[in-house]
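Here the structure is laid out as structure tokens; the discussion comes afterwards.
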Amino acid sequence: MAPPPLHLFSPSPRPPPPTPPPWLHGPHVPSTSVSPPDPATEAPPAPKQHRGPKPAPRNPGSAKPLTAGVPGGRTRRAVLGIIRKVRSLELSDPRTPSPNGGGGGGSSSTATARVPFHLPIHPPPPEREEEEEEEKKGRPRAVPWAAARDEETKVVLRREKKTRVPTRAETELEAGELERLRRAARGKERWARAKKAGITDEVVEEVRGQWAKGQELAGVRIVEPLRRCMDRAREILEIKTGGLVVWTRGDIQFVYRGSSYLENTKRHRDFVNYNEELSPVTSNNPTSQGKYWSKDETLTNDNDEADDKDDKPIKGTLYEREVNRLLDSLGPRFIDWWWNTPLPVDADLLPEVFPDFKTPFRQCPPGVRPTLADEELTYLRKLARPLPTHFVLGRNTKLQGLAAAILKLWEKSLIAKVAVKVGIQNTNHEQMARNLKRLTGGTVILRNKDYIIIYRGKDFLPGGVAESVIERESQVHDQQVKEEEARLKMADSLQMIVGLSSERSYVGTFREYQDFHDSHARRITENNNFRIQLEAKKHRLEKELKDQEWRLSVLTKKIERSNQVLAKLHSSWSPSKRDGDRELLTEEERRIFRKIGLKMDEHVLLGRRGVFEGVIEEIHQHWKHKEVVKVITKQNQASQITYTSMMLEVETGGTLIAIERLTTSNAIILYRGKNYRRPTKSAPSNLLTKREALQRSIEVQRRGSMKYFARERKKSIDELKRELRNVTWEIRKLNHDTEQSWTA
């Protein structure tokens, strides 16, 4: 059964339907105006036929129904499925047709015709908001995004780009002048190259040298690590050279010297007032920029700072201002920093030797373990990742000033983040971390070629707290000393009055505690430490002994399996029996056959497989043409060579002439005999095949290796047992001595 006609595509007499799209048309035929039929001249209807209705011929210019199949394409069922999906999409978000302004003519109705699929191209007029609200109340919302579209709201699916901040050149130079300078920069082919350490004095002098030659622009190629942040590189160039960066091409920046540049002097530089353009870090600390600031400008800024303090707007968030204030209190800033602000403190400008510097006093709270667990270490590393860099270091030793600054930083921060300068020779981050840990007493939680991150520790005490603890301990000690003196005075007075014995008793006194601590506590502590070391050594030996015994058991099982495999291979072959009727050769015949065999170039090579059926077959092939055969073997032991020669003599039926030692091998010479007859089957069936012989050789080598390692394991087990007995005896002796000291 065909689906009901779709009102979205069916023609409507009022207003007339829109022109169908091209893909629903047949061949294009120009349309002609057709007048309505005249009933007087209309032909009578044709009589009905009983054979059934005959389809009327279709005009090739008329449109086909949407439910018809496409020749050479989709079937009628597929087209109906497509229409059903389009209808479901349209019904999920129906739209009300726009109202017509009355029963106008064809032009007005055509202009207000509905768009196919009713796509919401334009927002509805304001006068229809009430009607649409009533319709929306009565229909369900099929999809989530339909609500946002109906409510005329915008759904943002991606992050918006940050607004681009114009550079100083774009704000201070006119557009025509800036375009002229950029066109001139495109034609420059030579530029200065920055160093790994940043924009050094050599680079600045090279830039000024190009300006002194009459060139308006000077190019500087930025390298790592400053290339990571080209905006920061632009700021540093403008600070140190006093020019304006007008264009950036890749990693090359072109600096404009300015219209008022003084060519005849190197000391007078016309700097532009760029304090307001840079971050608060640069403007708040002009002295950190060293010789790149002019003296007149610095004095002017100092005089006008109090007047302009209230007029300047506050820049940056509260966090940024607090970080800048904290870093300003630690030392001068490092203006060649290759990342964004805030600029870290230049640790190389801090004093090398700090007067009266001492490693801080540390005391862990009761019940707290001073070491860090794995979870705590991971948490601290994650915490340090987004923090700004506090210091930049370029030397390995003389770090007392940096250590004092880190201790001051730890009063407000758990972590001190130190970056290693790039491009400085002979820097060693391992030595830096070791010296900082020795001076500060902190914990190094991360160290690599770029950063050193130090945690202040759980036992860290701020300066005021540490002084209070030390002062309180000294007060307690002084009070105990005063009590002891008062007790001694009272004992002397009682002795004079009552006449007590002159022997003094120290029971329950502070003197008794001190004597006990001096005589026993230190010795007990040393004994305990020694006992702990012995117990740890005993535990380690027991663990290693257990591991060695387990490895030996595994080797023993493997050797047993190897023996089973070899027994199976040996059972698959049986050696031949020696023939009792052997030919006898004289000594002269043996000497002749020996000389013939040694002079022969052809030989049979005996490899790692040993004697198998292929070797016997090859010997018989040699005996087919010659009476003597020479067998070369690589075996070294005399017993193995003798066994191999006897086996060849038995299996081939020949006579062993001699076994001769060659340069790198041994030669076995065999004579076939006077009554030799070639066997019908040259390859014997009682020996191993080539594959089985290789498997036997591998298994024999493997078993020999395992036997060697098993002997080594047994030796190590015996040595561990001997050490374990000695350690156990020492522990027993130490316990016995401790018991005797307590009883005494």
Side-chain angles (χ1 to χ4, degrees), residues 566 569-705 707-708:
L566 286 175
L569 288 173
H570 289 163
S571 64
S572 62
W573 71 283
S574 58
S576 301
K577 295 182 180 180
R578 182 183 293 272
D579 190 4
D581 187 11
R582 299 171 57 189
E583 296 184 8
L584 298 178
L585 297 175
T586 62
E587 292 297 331
E588 186 178 357
E589 289 176 340
R590 286 183 179 274
R591 283 198 305 270
I592 293 173
F593 288 142
R594 175 179 171 275
K595 289 181 181 179
I596 293 173
L598 291 176
K599 291 180 180 180
M600 290 176 61
D601 294 333
E602 298 82 4
H603 60 274
V604 177
L605 184 61
L606 196 65
R608 64 175 299 177
R609 292 178 176 84
V611 180
F612 64 100
E613 60 181 17
V615 175
I616 306 301
E617 183 179 3
E618 190 173 358
I619 289 175
H620 283 294
Q621 290 291 339
H622 277 264
W623 279 346
K624 184 178 179 181
H625 304 285
K626 297 181 180 180
E627 293 181 336
V628 180
V629 64
K630 182 170 64 174
V631 180
I632 302 297
T633 177
K634 297 289 186 179
Q635 296 173 346
N636 296 324
Q637 298 181 6
S639 59
Q640 294 180 351
I641 298 172
T642 304
Y643 175 78
T644 303
S645 61
M646 294 175 61
M647 188 175 181
L648 288 174
E649 185 181 10
V650 171
E651 296 296 337
T652 58
T655 303
L656 177 63
I657 299 298
I659 300 174
E660 296 294 333
R661 176 68 182 174
L662 302 180
T663 306
T664 58
S665 59
N666 294 278
I668 302 173
I669 300 174
L670 296 173
Y671 171 58
R672 70 180 182 180
K674 300 177 182 178
N675 301 325
Y676 172 74
R677 289 185 180 181
R678 183 177 175 81
T680 56
K681 187 178 180 182
S682 59
S685 59
N686 61 329
L687 298 179
L688 297 176
T689 62
K690 186 177 181 180
R691 179 176 297 178
E692 291 174 347
L694 178 61
Q695 185 179 0
R696 180 190 61 181
S697 174
I698 294 174
E699 201 65 35
V700 168
Q701 183 180 2
R702 179 170 172 266
R703 186 185 62 174
S705 177
K707 285 184 177 180
Y708 168 76

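Every heavy atom of this structure was used, including side-chain atoms; hydrogens, water molecules and symmetry mates were not. None of these values were measured; they are calculated from a predicted model.
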> Can you tell me how far the CZ atom of Arg609 sits from the CG atom of Leu606, to the nearest 0.5 Å?
Replying inline: 11.0 Å

>> Quick check: closest heavy atoms across Ser576 and Asn686, and the distance to 0.1 Å?
In response: OG-ND2, 3.0 Å

> Where do Gln621 and His625 come nearest, in terms of heavy atoms and distance?
Replying inline: O-CD2, 3.8 Å

> Roughly how far apart are Met647 CE and Thr652 OG1, rounded to 0.5 Å?
Replying inline: 11.0 Å

> What's the shortest heavy-atom distance between Thr655 and Glu649, and which atoms?
Replying inline: CA-OE2, 4.0 Å

> Shortest non-hydrogen contact from Ile657 to Leu670?
Replying inline: CG1-C, 4.3 Å

> For the side chain of Glu618 and the backbone of Leu605, is there at least one donor-acceptor N/O pair under 3.5 Å apart?
Replying inline: no

> When rounded to the nearest 0.5 angstrom, what distance separates CG in Leu585 from NZ in Lys674?
Replying inline: 6.5 Å

> Does the Arg672 side chain pair with the main chain of Gly653, one donor and one acceptor, at a distance under 3.5 Å?
Replying inline: no

> What pairs meet the salt bridge (charged side-chain N to carboxylate O under 4.0 Å, His left out) rule with one or both residues in residues 656-670, with sequence neighbours excluded?
Replying inline: Arg594-Glu660

>> Could you work out, with ring-ring contact (aromatic ring centres under 6.0 Å, His included) as the rule, every residue matching His620, not counting sequence neighbours?
In response: Trp623

>> List the residues meeting ring-ring contact (aromatic ring centres under 6.0 Å, His included) with Tyr671, not counting sequence neighbours, and say none if there are none.
In response: Phe593

> Given the rule in the side-chain contact (heavy atoms from CB on, under 4.5 Å) test, do Thr664 and Lys634 qualify, once you have shown the distances and angles that lead to the verdict?
Replying inline: CA-CA 8 Å; Thr664 58; Lys634 297 289 186 179; 4.2 Å; yes

> Heavy atoms, side chains only, cut-off 4.5 Å: are Ile668 and Val629 in contact?
Replying inline: no

> Per the side chain to side chain contact (heavy atoms under 4.5 Å, CB included) rule, which among Met600, Lys595, Lys599 passes with Val628?
Replying inline: Met600

> What are the two closest non-hydrogen atoms of Ile669 and Leu656, and how far apart are they?
Replying inline: O-CD1, 3.7 Å

>> Just verifying a value: how many Å separate Ile596 CD1 and Glu627 CD, rounded to the nearest 0.5 Å?
In response: 7.5 Å

>> For residues 686-703, which residue pairs pass the salt bridge (charged side-chain N to carboxylate O under 4.0 Å, His left out) check, not counting sequence neighbours?
In response: Glu699-Arg702

> Quick one: which of Ile616, Val631, Leu688 gives a side chain to side chain contact (heavy atoms under 4.5 Å, CB included) with Val611?
Replying inline: Ile616

> What's the shortest heavy-atom distance between Lys624 and Arg678, and which atoms?
Replying inline: CB-NH1, 4.1 Å

> If you round to the nearest 0.5 Å, how far is CZ of Arg608 from CD of Gln701?
Replying inline: 5.0 Å

>> Going by the rule side-chain contact (heavy atoms from CB on, under 4.5 Å), which residues pair with Gln635 if we only count those two or more places apart in sequence or in a different chain?
In response: Thr633, Gln640, Ile641, Thr644

>> Among residues at least two apart in sequence or on other chains, which ones pass side-chain contact (heavy atoms from CB on, under 4.5 Å) with Leu662?
In response: Ile632, Ser665, Ala667

